[in-house]
Every structure is written in structure tokens, then in C-alpha cells.
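Naming convention: chains lettered A, B, ... in sequence-line order (proteins, then strands); numbering from 1 in each chain.
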Number of protein chains: 2
Amino acid sequence: MQYKEGKEKFIKTWGELGTNWGINKTMGQIHGLLLISTSEVTTDDIMKELHISRGNVNMNLRSLVEWELIHKIEKPGDRKDYYKAEKDIWTVFRQIIKKRKEKELHPMINLLEDVSAIEAKDEKSAEFLKMMNELSLFSNKADKTLDNLVSSRANILVSTYMKFTR
Amino acid sequence: MQYKEGKEKFIKTWGELGTNWGINKTMGQIHGLLLISTSEVTTDDIMKELHISRGNVNMNLRSLVEWELIHKIEKPGDRKDYYKAEKDIWTVFRQIIKKRKEKELHPMINLLEDVSAIEAKDEKSAEFLKMMNELSLFSNKADKTLDNLVSSRANILVSTYMKFTR
DNA sequence: ACAATTGTTCAAATAATAATGGATTTATGC
DNA sequence: GCATAAATCCATTATTATTTGAACAATTGT
């Protein structure tokens, strides 16, 4: 396989993967492109490479920066913006977990707390409360577990471990 | 808050959550409805409750059965199909992990293996291979970790643990 | 101050995804 | 085996999400 083919396959697949992680296809493709770039890239580089419009690139770059998956680099004496990806995979993973926790887990935890306020006056509401309680226990446990994963030095531990288990 | 309101909020939120987990909105809502039902439900029950068409219910019930998040129940002397949800949250979670692993992680692992076949003949391809290797290490580690999570008796352990950490 | 370059916004167009509802198939009781 | 009820399929329609591109704003060098 040639480099070019591999690159294209990777970008395509990375984009598809993104759609399952709260990252849309183009956003994923841009991220994939930056991940394998040896140098910083500009909006025009991306437009040319992925055949997408300036507006699209701009919006998705903003999202990626917001997710802290890429970094903007301003060069003195150059009015272009340059971007480079966070290349530490573990950090990328943690960033995504962090974002998804905010977007998904927390609203659910809040909801479960809210709806626990109903009265258990019959079988239906009793069953409902029972399920809400189980979901609460689970969600809160998951929240804590993910916090550990994200905030801890697990980074180093896993990176080291990985070297021995490939 | 009344039961009815709580129920509606839960179903709505569960549906929205689903969209982030490879489960579409309606599929999530049906799952939510079954999760809090005290008895087995039929297609007509769901149509009435969620105001959606028979075809839609049918398609999504099939997906839910395929994901093993709900079970079909056939009653002798009754030609209707009944459904009930898997109510053990840990099992639900494991089922979703299992499905997503197949759908997302495995294609990625395969891709990474494929593209590792390119030659490292210049800086770009060397960098590319380096990143593919890091992603491989990470993906394979994740795969194994999730396997443990899904297949092991962690079920019992976590359920027990959860009782003490709420 | 002006021209040139780059970045940003957003309404409209397009594409992707999901839902409908009628046609068809399947299963069951009589 | 026939009538009927339920399930399934799927072409069409509706909805939602994404992309475009042109207008506008910001920045910098001259």
C-alpha cells in the first residue's frame, strides 16, 4: 500500500468513527488529517486536501479547538492561523471523555435527580422510582470512574503499560 | 412532580441520550418506556404511548431485540408479540459496549493493521506509521479492557459495590 | 487610509437519516 | 382452508444535520 492510499483510508475511517463519538464526519476527518501531519496546517491546506468549503473548515476547526483536540498557533508576522493536533492519544481520549461526560452523563444525572421527586403511590410509580434509583447509582458510579480516568495520572501508567502489551 | 410528568421527561431524555450511543431517538424512547413498564408491552401500546407509526415501532423493536436490550415474548393462545426490557442496568450497559465494540473499535483495529503495511520511506510516511502504531496500541488495549469489563463477573462486583457508594 | 488577505457568520441548498402508511406476508384460531 | 389479526416490508415523505458560498468583519503591510 502506498502512503497516499493509507492516508486517505485513515482519514475516511477516522471521520466515520467520529460520528459515533459526538464528532461529525468532517470534524473527524480534519482531526485525522492533523493527527498525521508533520507540520502545522492552515485552512487552505485543509480545504484543498478534503475538498470542502472555507466556511465548513472554519466551523469545524473551531469545534476541534473547543474540544481541545487541536491547538491554534499564531505566528508573528503571518496573518494566517495555523493548527496542530494534540498527538498524545491518551490525552485525546481523555478530552473526548470529558466532553461527553458534560454533554451526556450530567444531563442524565440531573434528570434522574429531578424525577426522583415523584411520589411512590402505586405499582407503576414505585417501579419507576426503583429504576430511577438504579440508574442513579449506575450513573454516579460511572461519573466517578470516568473522573478518575480523566484526571488521574493513569495517562503515564497506561502509556507505559501499553509498551509492554502490544 | 407527578408520575406522568416524570415518565415523559425520562422517556424524552433517554431518547436523546440514545442518539449519542448509536441508538436513534425513537429506539431510545421505546427502550425507556419498556425500562419503566411493570408489564410486557405490545406494538399497539407503544404506538399509543409515543404517537408513532406501526412501521416505526416494528423497525425499532427489531433493532432493540438485535441489540439484546429487550426480549420478545410469545404467549400461547395470543398472536400478539409482547416485549419486555432487560432491566439489569449493568447488563444493558455491557450489551451496548459489546455492540459498539463490534461496530467501531474492530473496524478501526482492522484499518490500523491494514495501513501499517505502507513503507516508511520519508518523513511523512514515517510519522504516519508512528501514529498508526500508537493508535494500534491504544485500540488494542481498549479492546482488551472492554472485553474484561463485558465478559467478567464485574457485574456482580460493581452491583455490590454500588450499594455502598451511592 | 487603502488594498489585500484571511477569518467569520449565517441563510439557503443539499445530503443524510428517520418516519409514515399502505401493500404484502405470516401466523393463528375456528 | 379460510378469515382475520398481527407483523413486516419498503417506497415515499418528512425531518434533521451538514455544507456551501457570498456577504461581512478583522487584521496587517504599505
Side-chain angles (χ1 to χ4, degrees), chain A residues 11-34 40-67 70-84 99-100 103-104, chain B residues 11-34 40-67 70-84 103-104:
Chain A
I11 290 174
K12 187 168 167 289
T13 307
W14 198 249
E16 280 160 17
L17 195 73
T19 60
N20 299 113
W21 283 85
I23 289 167
N24 79 34
K25 199 185 73 185
T26 302
M27 189 172 157
Q29 288 179 347
I30 294 175
H31 184 236
L33 177 61
L34 294 219
E40 293 130 12
V41 304
T42 63
T43 298
D44 288 276
D45 295 336
I46 297 165
M47 286 170 66
K48 196 176 160 193
E49 193 80 41
L50 303 180
H51 305 101
I52 54 182
S53 72
R54 184 174 299 280
N56 196 3
V57 172
N58 186 274
M59 285 187 304
N60 284 299
L61 281 174
R62 180 187 321 160
S63 296
L64 285 165
V65 169
E66 207 265 320
W67 280 61
I70 67 173
H71 308 287
K72 185 195 271 200
I73 294 160
E74 316 216 358
K75 297 192 178 185
D78 189 342
R79 62 169 68 168
K80 277 205 206 74
D81 291 342
Y82 291 80
Y83 296 88
K84 71 172 181 187
K99 275 287 167 190
R100 294 198 66 182
K103 198 173 97 181
E104 296 171 38
Chain B
I11 290 175
K12 187 169 167 289
T13 307
W14 198 249
E16 280 161 17
L17 195 72
T19 60
N20 300 112
W21 284 84
I23 289 167
N24 80 34
K25 199 185 72 187
T26 302
M27 189 172 157
Q29 289 180 347
I30 294 174
H31 183 237
L33 176 60
L34 294 219
E40 293 132 12
V41 304
T42 63
T43 299
D44 288 277
D45 296 335
I46 297 166
M47 286 170 67
K48 197 177 159 193
E49 192 81 41
L50 303 179
H51 306 100
I52 54 180
S53 71
R54 185 173 299 281
N56 196 4
V57 172
N58 185 273
M59 283 188 305
N60 284 298
L61 281 174
R62 182 189 317 165
S63 296
L64 285 165
V65 169
E66 207 264 320
W67 280 62
I70 68 173
H71 309 287
K72 185 195 271 199
I73 295 160
E74 316 216 357
K75 297 190 177 186
D78 188 343
R79 62 168 69 168
K80 277 206 207 71
D81 290 343
Y82 290 80
Y83 295 89
K84 70 172 181 188
K103 198 173 97 182
E104 298 171 36

Look for any protein N or O under 3.5 Å of an N or O in nucleotides 5-8 of chain C and output each such pair with its distance, or none.
residue : atom : partner : partner atom : Å
C:dT5   : O4'  : A:R79   : NH1          : 3.4
C:dT5   : O2   : A:R79   : NH1          : 2.6
C:dT6   : OP1  : A:K80   : NZ           : 3.4
C:dG7   : OP1  : A:D81   : N            : 2.7
C:dT8   : OP2  : A:N58   : ND2          : 2.6

Exercise for review: Provide, to the nearest angstrom, the distance between the CE atom belonging to B:M47 and the P atom belonging to C:dG22.
Suggested key: 12 Å
Practice item. List in chain and number order the residues that pass side chain to side chain contact (heavy atoms under 4.5 Å, CB included) with A:T13, two or more places apart in sequence or in another chain; answer none if no residue qualifies. Key: B:M108, B:L111
Check your understanding: Just checking, is any N or O donor in the side chain of A:S63 or A:N60 under 3.5 Å from an acceptor N or O on the other one?
Key -> no
Study note, to complete from the structure: Residues of residues 25-33 of chain B with a heavy atom under 4.0 Å from any atom of DNA chain C, listed by number, are B:T26
Exercise for review: Would you please name every residue forming a side chain to side chain contact (heavy atoms under 4.5 Å, CB included) with A:E66, sequence neighbours left out?
Suggested key: A:K99
Check your understanding: Which salt bridge (charged side-chain N to carboxylate O under 4.0 Å, His left out) pairs, counting each pair once, include a residue from residues 16-28 of chain A, with sequence neighbours left out?
Key -> A:K12-A:E16
Practice item. Only counting residues at least two apart or in another chain, list the ones meeting side-chain hydrogen bond (donor to acceptor under 3.5 Å, both in side chains) with B:N20. Key: none
**Study point:** Nearest-Å distance for atom pair CD1/P, residues B:I52 and D:dA14
**Key:** 18 Å
**Study point:** Nearest-angstrom distance from the residue atom CG of B:N56 to C1' of D:dT13
**Key:** 13 Å
Point to revise | Integer-rounded Å distance: D:dA17 C1' and A:N60 CG | key: 12 Å
**Study point:** With B:T19 via side-chain hydrogen bond (donor to acceptor under 3.5 Å, both in side chains) - residues at least two apart
**Key:** none
**Study point:** Residues in salt bridge (Lys or Arg N to Asp or Glu O under 4.0 Å) contact with A:K84, at least two apart in sequence or another chain
**Key:** none
Check your understanding: Are side-chain heavy atoms of B:H31 and B:W67 found at a separation under 4.5 Å?
Key -> no
Exercise for review: Report the residues that fulfil side chain to side chain contact (heavy atoms under 4.5 Å, CB included) with B:E49, sequence neighbours left out, ordered by chain and then residue number.
Suggested key: B:K7, B:L33
Revision key, fill the gap. Contacts of B:R79 meeting side chain to side chain contact (heavy atoms under 4.5 Å, CB included) (sequence neighbours excluded), chain-then-number -> none
Check your understanding: Of B:G77 and A:M59, whose nearest nucleotide on DNA chain C comes first from the 5' end?
Key -> A:M59
Practice item. For B:N24 and C:dT20, give me the distance from atom CG to atom P, rounded to whole Å. Key: 11 Å
Revision key, fill the gap. Sorted by chain and number, sequence neighbours left out, salt bridge (Lys or Arg N to Asp or Glu O under 4.0 Å) with B:D78 holds for none
Practice item. Round to the nearest Å and state the distance from B:K75 atom NZ to C:dT28 atom C1'. Key: 17 Å
Output a table of nitrogen or oxygen pairs between the protein and nucleotides 23-26 of chain C separated by less than 3.5 Å.
none

Check your understanding: B:E74 CD to C:dT28 C1': how many Å, rounded?
Key -> 12 Å
Exercise for review: Check the distance between D:dA17's P and A:N20's CG and give it to me in whole angstrom.
Suggested key: 16 Å
